[in-house]
Every structure is written in structure tokens, then in C-alpha cells.
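Notes for the one structure printed next.
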Amino acid sequence: MPHSVSPEADGSNAIAEEPMVDAPANDQGTDDDVTMGETNALPAATDGEDKKDVKLEDLFADVESDDEFPSSRPVKDEFSSSPAAAASPMDGTVPLKASDPELLRMFYQRFFPWRYLFQWLNHSPTPTNDFVHREFAFTLQSDIYLRYQAFPSSDLLRKDVLRQLPTRFEIGPVYTTNPRDRKTLRNSSAFKPLAKELCFDIDLTDYDDIRTCCDKANICGRCWQFITMAIKVVDVALREDFGFKHIMWVYSGRRGAHAWVCDKKARTMDDQKRRAVAGYLEVIRGGAQSGKKVNVWRPLHPHLSRSLKILAPHFESDVLESQDPWADSSRAEHLLSLLPDKALNESLRKKWDSSPGRASSSKWADIDALAKSGASKNLDAVALRDAKQDVVLEYTYPRLDIEVSKKLNHLLKSPFVVHPGTGRVCVPIDTRQLEDFDPLGVPTVQGLLEEIDSWTGGESKEEAGDGDEKEKSKSNLQDWEKTSLKPYVEYFRGFVNTLMKDERDPKVKRERDESDAMEF
Amino acid sequence: MLRQDSSRIDPKRRNVLDHRKTQFASPTYKETQYPHRLNFYETPPTADITLEQFEQWAIDRLRVLAELEACSFRNKSQVETAAHMKPLLEKYLPLESNTSSSSKLSAERQKDHYSHFILRLAFSSTEDLRRRFSRVESTLFRLRLDEDNMRERNAFIQSLNLDWEPVTEDERNKYLPELTATRGLKKGGDDETWYKVDWERVPDLVESRRVFLKAGKAFVPSKELPSMVIAEYTKRLDRALELTARALPRLDEDDRLTPILDHLSKNFVTPDASYSSSTSTVPGAEITARNVDNLSSHFPLCMQHLHRSLRRDAHLKHFGRLQYTLFLKGIGLNLEECLVFWRSSFHKITDDTFNKEYRYNVRHSYGDVGGDSNRRGGGYSPFSCQKILTEHPPGPGEAHGCPYRHFNLENLTALLQQTGVSDPSVLRGVKEDKDNQKFHMACNRVFEYVHKNELKKAKDESIMTSAQLETIVHPNEYFKRSFLLKNLGKVNTGGDDVKMEGYN
């Protein structure tokens with residue numbers, strides 16, 4: 001929720017930061033009402049805001065009782081690892097909400113790759129300020145939003161997450177001091193963000209005026225193609241133009257993707273530089289009323305001509321064929337409004353009106369066909385070509401939520417957390433197999449628990465191996481290795497390892513020491 | 001800046017001096033001569049000046065800077081600013097070029113040099129002052145750099161010794177198609193030379209895609225050199241201001257300079273913050289959630305558009321909500337009413353969603369929640385036109401911003417016609433204003449058209465002073481004036497004129 005909580009809006013958490021009393025898990029389990037809705041969370045949320053004059057204990061008592069979702073009983077039954085219970089989801093039990101605390105506890109305990117997350121943020125095996133001064137923000141079950149959490153080690157982070165069971169958590173910048181100590185500083189300006197990965201956020205809702213298959217929070221394989229092309233364009237620009245190497249793309253769990261650029265150079269950029277990168281990549285500008293959204297100079301900047309080359313095939317297949325964006329006449333009218341020649345537009349309109357339901361690809365071809373046939377006497381061929389390029393860009397070029405990238409202190413959801421709405425895990429996207437990524441096939445937290453319960457120790461056909469060794473390796477396996485989460489965690493591990501290797505490089509290390517020395 | 005008597009140092013011992021001391025000792029020689037018209041203000045002045053000069057020079061420079069800032073608030077283009085500033089600069093802070101052979105060359109440059117450093121002292125104390133000082137000083141520097149003649153400018157840039165690596169012939173041939181695809185170059189670009197620098201040094205060129213990037217290096221055409229110089233100037237000034245701020249507490253000063261410096265910085269108040277709610281409330285208006293629909297006829301176009309979008313979609317995106325909430329706060333809608341307003345406007349969502357996702361932000365805008373400083377300051381102040389025009393241009397699906405700027409002409413005309421402005425001459429005027437990027441003028445033009453009868457009456461009966469009728473640069477002022485005019489006679493207009501911005 002990049003917009004709903006601005007980095008300055010730190011109010012609601014002031015007191016909520018105090019450790020909450022660890023809620024005994026199932027003491028209200030007698031209530032069998034599984035249909036609990038989000039309404040339950042409401043009183044707690046408001047209480048959290050009014051906290052100024054509420055006593056701490058009262059407040060938390062309230063939160064706690066709310067925290068106790070009445071559905072905990074069935075959960076317990078289902079996931080107590082007895083093999084019989086594992087079958088229960090199939091036989092008609094109401095499916096669990098992804099934010100169910102028990103489900104989350106299992107997930108954080110058994111699947112979340114804490115070690116690699118730590119190494120990713122810490123850039124070294126032993127805790128450094130990169131991790132210790134890093135802000136985490138938790139969204140609790142009761143929708144209280146806790147900012148400025150920080151942890152001395154990966155283990156303590158894990159412990160606290162298991163204690164509070166946030167529905168998700170976000171990662172913020174590394175600060176000059178431990179974020180928990182920020183109020184003890186003599187002057188508040190000494191508490192400043194120093195570094196954070198450069199982030200990008202692409203969200204399919206921003207494509208609502210050009211996608212025809214879904215809208216709002218819904219996605220399908222067809223509109224996911226927009227994200228695929230966006231990743232291609234942004235990734236290549238970041239690597240080739242800016243020279244960044246460590247770029248990780250993460251599925252946001254529902255309808256978009258995040259990029260984390262982790263190079264040291266990227267992490268230490270100030271707001272002005274972040275704005276520059278964001279501006280460099282931003283092409284679609286303007287609101288619903290601004291008409292033409294693409295206004296670029298000619299000759300096209302090398303970044304744009306390259307992007308156009310990448311996007312052109314997608315435009316043919318994923319937009320014209322699959323989205324059919326100009327099927328109905330009001331949308332076709334928008335296309336005409338982007339073309340420069342009035343006379344040509346007139347004849348196009350006539351032609352399309354006479355054959356309703358003409359496919360977008362034919363309409364697109366009509367433009368050139370009619371232009372050649374001389375529908376307009378003084379046609380400016382160059383202007384038309386440019387306008388057509390602009391149309392391609394408007395319908396394919398990445399639509400970035402630019403605010404996320406501009407600010408050093410913007411928080412972004414951590415990889416591998418569970419999206420509370422869909423239950424899907426925010427897994428990294430392997431850009432080498434970008435086209436194969438299926439957002440709807442991503443492991444869900446519910447699915448993972450089923451997988452682990454039905455896991456029996458590998459495929460039976462490989463039974464022939466040395467029995468002893470097999471037994472050993474089996475017991476050494478981490479839980480995530482037994483599920484469909486495996487490839488994603490492995491990809492993340494590989495990414496983190498190359499990143500750490502680069503940071504260990506003596507040259508880079510010296511640089512870091514120097515900059516540390518300068519701060520003091 | 002006052003040098004202790006150097007005579008105490010034995011000339012023979014000079015070489016063993018700490019290098020930091022030599023660093024401070026050397027300017028004595030450097031600053032007596034100003035080979036270039038422009039100055040990076042790297043070395044502080046060390047000569048003696050009188051207290052009167054100290055104050056007078058500072059005030060003169062301050063006048064120039066204040067006017068420059070006003071230009072940027074009025075959204076003047078670079079050319080207009082230059083034209084506007086010319087007489088002022090000649091009067092208060094003249095700087096002749098080397099070719100002018102003026103006898104006062106050195107004195108002018110000395111004044112420029114000293115006044116800069118005096119104001120640096122005065123404006124380094126708070127972050128806000130530093131930021132504004134650096135912004136206007138950069139504008140001034142840009143202005144002067146632009147009007148400098150080619151040869152002197154190049155000589156000056158050469159003298160800076162900035163380490164820019166020229167692009168080799170090989171690289172040039174390799175990337176020629178990409179290099180020539182940068183904006184505004186002459187065909188072929190054969191006689192163009194390029195410099196290769198880390199892209200971080202030219203963020204503004206990168207942001208507007210005016211340079212070719214390859215593996216983190218920006219290829220900057222020589223015509224963009226001034227912009228790099230300005231960026232470098234701002235960077236160094238920012239750093240120097242930071243250092244000055246840190247040294248300030250240790251300024252071993254009696255009561256001669258400190259009062260002057262204090263006085264100077266107070267004369268440079270933030271114009272943006274001066275829109276206080278006490279001057280904005282309108283007597284006689286019923287400002288309640290229920291009444292917003294009625295009041296909206298007095299809203300400027302940006303707010304009318306937000307209101308219409310809200311009524312149409314029962315929703316507004318983040319920046320739209322922010323802009324509109326603050327405006328409503330500015331016209332005197334209190335927090336409870338404002339929450340009622342948003343709750344009833346977002347009628348498609350549940351109470352739960354509203355409380356979870358929107359309530360907090362509204363309260364935050366009013367300073368009801370949030371950090372200490374937010375609560376003490378009563379939340380944010382309503383956005384001025386300046387802010388709306390320059391910050392956060394609307395993206396897809398967003399309705400905030402200034403319609404005169406962010407709409408295309410057809411949509412703007414359509415919106416104006418929907419709000420009852422269909423006079424062709426007004427629409428033509430709006431188009432011209434828009435083309436000339438004078439968005440204020442367009443808005444004021446519409447205001448004058450909509451209120452022409454009342455304005456005439458007000459002028460004839462001299463109900464409102466001319467100060468009350470000057471150009472509107474704040475949406476809340478638009479509302480206030482509109483409401484008062486439409487209710488002439490019904491309510492007392494109140495004598496005090498509202499100071500929206502300015503440096504007086």
C-alpha cells in the first residue's frame with residue numbers, strides 16, 4: 001500500500017511498537033464460527049488510532065481478543081501434522097483465509113527463507129548495520145501498522161515475526177542509527193535514511209484503461225503479459241544504461257511486480273538520483289483527462305528506440321490479438337484521437353462504422369492501408385509514423401508507480417511474504433524464464449501446507465539409492481525444499497550469493513570502510 | 001572570515017604549517033583578483049569591510065534573491081525571469097563582463113563575493129533556509145551563466161577544472177547513432193563533442209533523457225555543459241552550507257554581526273506557510289459536509305474537477321484526496337465534517353474499508369494524528385497553485401493537479417464548458433495562456449469572467465481594495481474571493497487583505 005501510508009505518517013505506531021503480550025494461540029478455540037470476516041478487525045484498528053488516551057494494557061487486551069480469530073479450531077485440526085488430518089481440506093471444509101494466524105505461523109516457521117533474507121539485506125554473513133539499522137514495518141492481524149522495527153539478527157526478526165504473526169511486513173531503509181532508538185537522539189535531524197534498494201512497482205490496475213480482459217484487482221494470463229513486457233523493458237534499461245547488476249523481480253502476490261535493485265551504488269542513491277532514474281524510465285504521463293499520454297521527443301532516445309524494438313512483437317500478439325483494445329467504437333475513438341490527420345481519421349471512422357466488430361489488428365492495419373490509398377491529400381507521413389509509435393508505447397510501455405522509486409524512505413513489501421487476499425507467496429521471478437512465469441500458478445500458503453503434509457520423502461522411483469544416505473539427506477532437507485517453493489528459494493539463494501560475493505570484493509569493501517569512517 | 005593578524009607567523013616557519021592553515025591562508029592572494037565574472041564562491045573573503053557595507057551589500061543581494069524566488073512562485077519562464085530581473089540586477093548587484101572595461105569591475109565582483117558569503121552565514125541555520133537559499137542562488141547563477149558571453153563562459157568553465165573525460169574517437173564512432181539521437185542536436189552532429197561522466201553527476205539530464213547512457217556513464221554533449229556546471233555549483237553550495245551550519249555555533253562573535261544576520265534571515269520568511277486558516281475562513285458561509293455541493297460553485301477549476309470526479313466515481317486516488325482534503329480544510333471545514341464528507345462521498349465502500357484505508361490519512365492531514373511535528377503544526381497547509389502546478393503531476397486515473405496545466409486543450413475546454421464558461425473569447429484567452437504556460441493567468445481570466453458583474457460592482461463601490469483583487473495564486477483565495485463577491489452586500493468583506501505569499 002504505497003500510497004496509503006506515507007513515510008512520514010508514523011503516528012499510529014508510536015505506542016504499538018511496544019512488544020505485545022504473546023497471545024496464547026488457541027484459548028478461544030471453542031468458537032467454531034469460520035465465517036469471520038474482516039469486520040472483526042475494525043474496532044481494533046480504530047482503537048489503534050485513538051491510542052493516545054487509552055491505556056496500553058487496555059488497548060492490547062482489545063487487540064488480542066480480536067487477534068484471536070474464531071476460526072482457529074479448525075486450523076488446529078487441519079494442520080496438526082497427523083496424516084489423517086491432511087486430507088481434510090479436500091472434504092468440504094471451508095478454505096482458510098491466507099491471513100489466518102495459524103496458517104501464517106506455520107508458514108513463517110517452516111517455509112520463510114529467513115537466512116537468505118538476512119543475507120540479502122545484510123550483505124555479509126555476520127550482522128552489520130546494513131541489517132541492524134534497517135527498518136521493518138509489520139501489518140498486524142488487527143491492521144495495526146507498526147513502523148520502525150529493527151532487529152539485531154535474523155533470529156530475532158524471525159522470533160518477533162512468529163510472536164506477532166503479521167499478515168505481511170515491509171522493508172524500509174537503513175538509517176543512521178537503530179530505528180528503535182530514533183527518539184533518544186538529541187536532534188531529530190540526526191535520524192536519517194542512508195540507503196535502500198532502488199525499487200520499482202508495476203501494478204496492473206494502472207493498465208485498466210487499456211486492458212479489456214480484467215479490471216481492478218483481477219488478473220489473468222493475458223493481462224499478465226503487460227507485466228512481462230514491462231519487466232523486459234525496465235530490466236534491460238537498468239542493466240545496460242545504468243550498469244546495475246543485482247536486480248531482483250518479485251511477484252507482488254496479486255496483480256503486479258516489484259523490482260529491487262540491490263547494487264551498492266543503487267542503494268546509496270539520494271532522492272534526486274532516484275527521481276532521475278524514475279524520470280528516465282517514465283514515459284506514460286498524464287491523468288485520465290490529459291489526452292495523449294506519450295509525449296516524447298524525436299529522434300527517439302536510444303532507450304526508447306530499444307524499448308520500441310522489444311515491445312513491437314508484444315504489441316502485435318499481446319495487445320492487438322489478445323486484448324483487442326479497439327473493438328468497441330468508444331475505445332476506437334480514443335485511437336483516432338491519437339492520430340494526427342483529420343481527413344484520414346474521417347475515412348477510418350467511416351470504414352469502421354460500416355463494419356462493426358472489426359478486429360483491432362485489422363483496424364491497426366487499416367491506418368496504413370488508407371494512408372497509402374491517399375485518403376488524405378496532405379498527409380504528413382512522418383507525423384503519422386511518430387503517432388503510431390506513440391500508440392504502441394501507450395499500449396505497451398511499462399506504467400510504473402513512480403512514487404515508490406523516487407523516495408529513499410519508501411517502504412516496500414518484503415519478498416516471500418504471503419499476500420493476504422490471494423494467499424500467494426511473493427516469490428521472485430526468474431527473468432531468464434520470464435515468459436514461463438505464471439502468476440496464478442504461484443504457490444499459495446494453503447497449498448504449501450498440503451504439500452508438506454503429503455510429502456513422503458521424494459519420488460518412489462528413486463528408491464533404489466543407498467538407503468542410509470537417503471535417510472540422512474531426507475532428514476536434512478529444509479521444509480521449503482519439499483515443496484513447490486523450492487525453485488523460488490533456490491533462485492533467491494543464488495541471487496543473494498552473487499550479491500554477497502560482489503560486496504565481499506576487497507575493492508568494494510574498502511569503499512565501504514571509507515564511507516563508514518566518514519560518518520563519524 | 002576575520003583573519004587574525006598573520007604577522008605573528010614567522011615567514012620562515014610557513015612551510016611547517018598545518019596544511020589546513022595554509023588552506024585558509026592562501027585566499028588572501030586569490031580573492032584580491034576576480035579573473036572571471038562568475039564565481040563558484042569556493043574561497044571565503046578575508047579582507048576588511050565596514051559594518052555598513054556588510055549590511056548594505058547583504059540587503060541588496062537579498063532583494064535580488066527575494067525577487068527571483070517570487071518569479072518562480074509566479075511560474076515565470078526562464079526568459080521572462082531574465083527580463084524581469086535585468087533592471088533589478090543592474091541596480092543592486094551589477095556584474096560587468098571582462099570586455100566592458102568598466103572601472104568598477106573589481107568592486108562589483110567583490111560586492112558579489114562578499115554578499116554571497118554574508119547571506120550564507122545568515123541562511124545556513126535551518127534546513128529550510130538552506131534549501132531555499134541554495135535554490136535561489138542556483139537560479140541566480142544560472143541566470144548569469146546564460147547571459148555570459150561564450151568566450152568568457154568557456155574560460156570560466158575551463159578554470160573550474162572539473163574532471164570530465166572527453167569521449168574518444170573510437171567510442172564516438174561506435175555509438176554515433178545513439179549519440180546523435182539526443183534531443184536538439186543539429187543534423188549529423190559532426191561538429192559536436194561529448195564528455196563522459198558518471199550519470200550521477202548529471203541527474204537532471206538523465207531524468208529528461210537528454211543524454212545517452214551506457215553502463216552507468218552519461219555521454220553529455222558540450223551544449224549541456226552549463227547545466228552540468230550549475231549542478232556542480234548547487235552540489236558544492238549545498239555541501240558548503242552544511243559545513244557553515246555546523247560551524248555556526250562556534251562563530252566567535254560579539255553583538256555586531258549576529259543581530260544583522262538574524263534580521264536578514266527573518267526577512268526571508270517562507271511564503272508557503274503564510275496561508276493561515278485564520279485569514280481564510282469566510283464569514284457567513286455554512287461550511288459543512290452537506291453544503292460542499294453548493295459551495296463547489298465557488299471552487300477553482302482544479303477543485304471543481306476533483307469534486308466532479310469524486311461525485312462520478314465515488315472515489316479519488318491518493319493525491320486527489322490529499323489536495324482536496326487540504327483545500328476543504330483551508331476553507332474552514334473542520335475534521336469531523338471532513339470525515340463525514342469523505343465517508344458519504346465514498347458511498348460504494350464499507351465502513352470498515354473506509355476506516356481502515358482512508359480515515360487515518362484525513363486525520364493526518366488535519367494534524368490529528370502523526371508525529372509530534374505534524375500534530376503541533378496542525379497537519380499540512382493547503383496546497384498553493386505553485387505546489388499543485390509543480391509537484392506530482394497526475395498519472396493514469398488520477399484527478400488532482402491543475403486542469404489548465406495537466407489537461408489537454410479539448411478536455412480543458414470541455415470541462416470549462418461544463419462549468420458554464422463558454423464565451424469564445426475567454427476560451428481563446430485560456431488557450432493562449434495555456435500555450436504560454438501561464439496557467440495562473442488562465443485561471444484568473446476565468447475567475448474574472450465568471451465574476452465580471454460582481455467585480456465591476458465591487459470596483460465601482462470600492463468595496464474591495466486593489467490588494468484584495470490582485471492575481472490569485474492560491475485555490476483557497478479563489479474560493480474566498482469568489483464567495484465574497486457572489487455574496488456582496490450580504491456579508492461584510494472584512495478589511496484585511498490576505499497575504500498569500502511574498503517576502504514582505
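Source: prediction; values computed, not measured.
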Would you check if the side chain of B/Arg209 reaches a backbone N or O of A/Tyr280 as a donor-acceptor pair within less than 3.5 Å?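 Yes, because the side chain of B/Arg209 sits within donor-acceptor range (under 3.5 Å) of the backbone of A/Tyr280.
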
Give a yes or no on whether the backbone of B/Val211 and the side-chain of A/His301 come within a donor-acceptor separation of less than 3.5 Å.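 Answer holds: yes.
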
Any B/His392 side-chain heavy atom under 4.5 Å of A/Glu403 side chain: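 B/His392 reaches A/Glu403 side chain to side chain.
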
If we only count heavy atoms from C-beta on, is the A/Phe242 to B/Val206 side-chain gap below 4.5 Å?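 In short, these two side chains touch, coming nearer than 4.5 Å.
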
Look at A/Ala276, A/Ser337, A/Gly279 and state which one has the largest set of heavy-atom pairs under 4.5 Å with chain B.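 If we count pairs closer than 4.5 Å to chain B, A/Ala276 comes out on top.
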
Among A/Asp208, A/Leu304, A/Asp270, which has the most heavy-atom pairs under 4.5 Å with chain B?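 Looking at each option in turn, the highest pair count goes to A/Leu304.
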
Check B/Ala181 against A/Pro302 and note the closest heavy-atom contact, atom names and distance.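 Closest approach of B/Ala181 to A/Pro302: CB-CD, 4.1 Å.
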
Checking heavy atoms, do the side chain of A/Asp209, its backbone, both or neither come under 4.5 Å from chain B?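 Interface part for A/Asp209: neither.
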
Checking heavy atoms, do the side chain of A/Ile402, its backbone, both or neither come under 4.5 Å from chain B?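 Nothing of A/Ile402, per the 4.5 Å heavy-atom cut-off to chain B.
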
Quick one: [atom1] on [X] to [atom2] on [Y], what's the gap to the nearest 0.5 Å?
X        : Y        : atom1 : atom2 : result
A/Gln272 : B/Asp204 : CD    : CG    : 7.0 Å
B/Glu178 : A/Leu300 : CD    : CG    : 12.5 Å
B/Asp352 : A/Asp143 : CG    : CG    : 8.0 Å
A/Lys265 : B/Trp199 : NZ    : CH2   : 8.5 Å

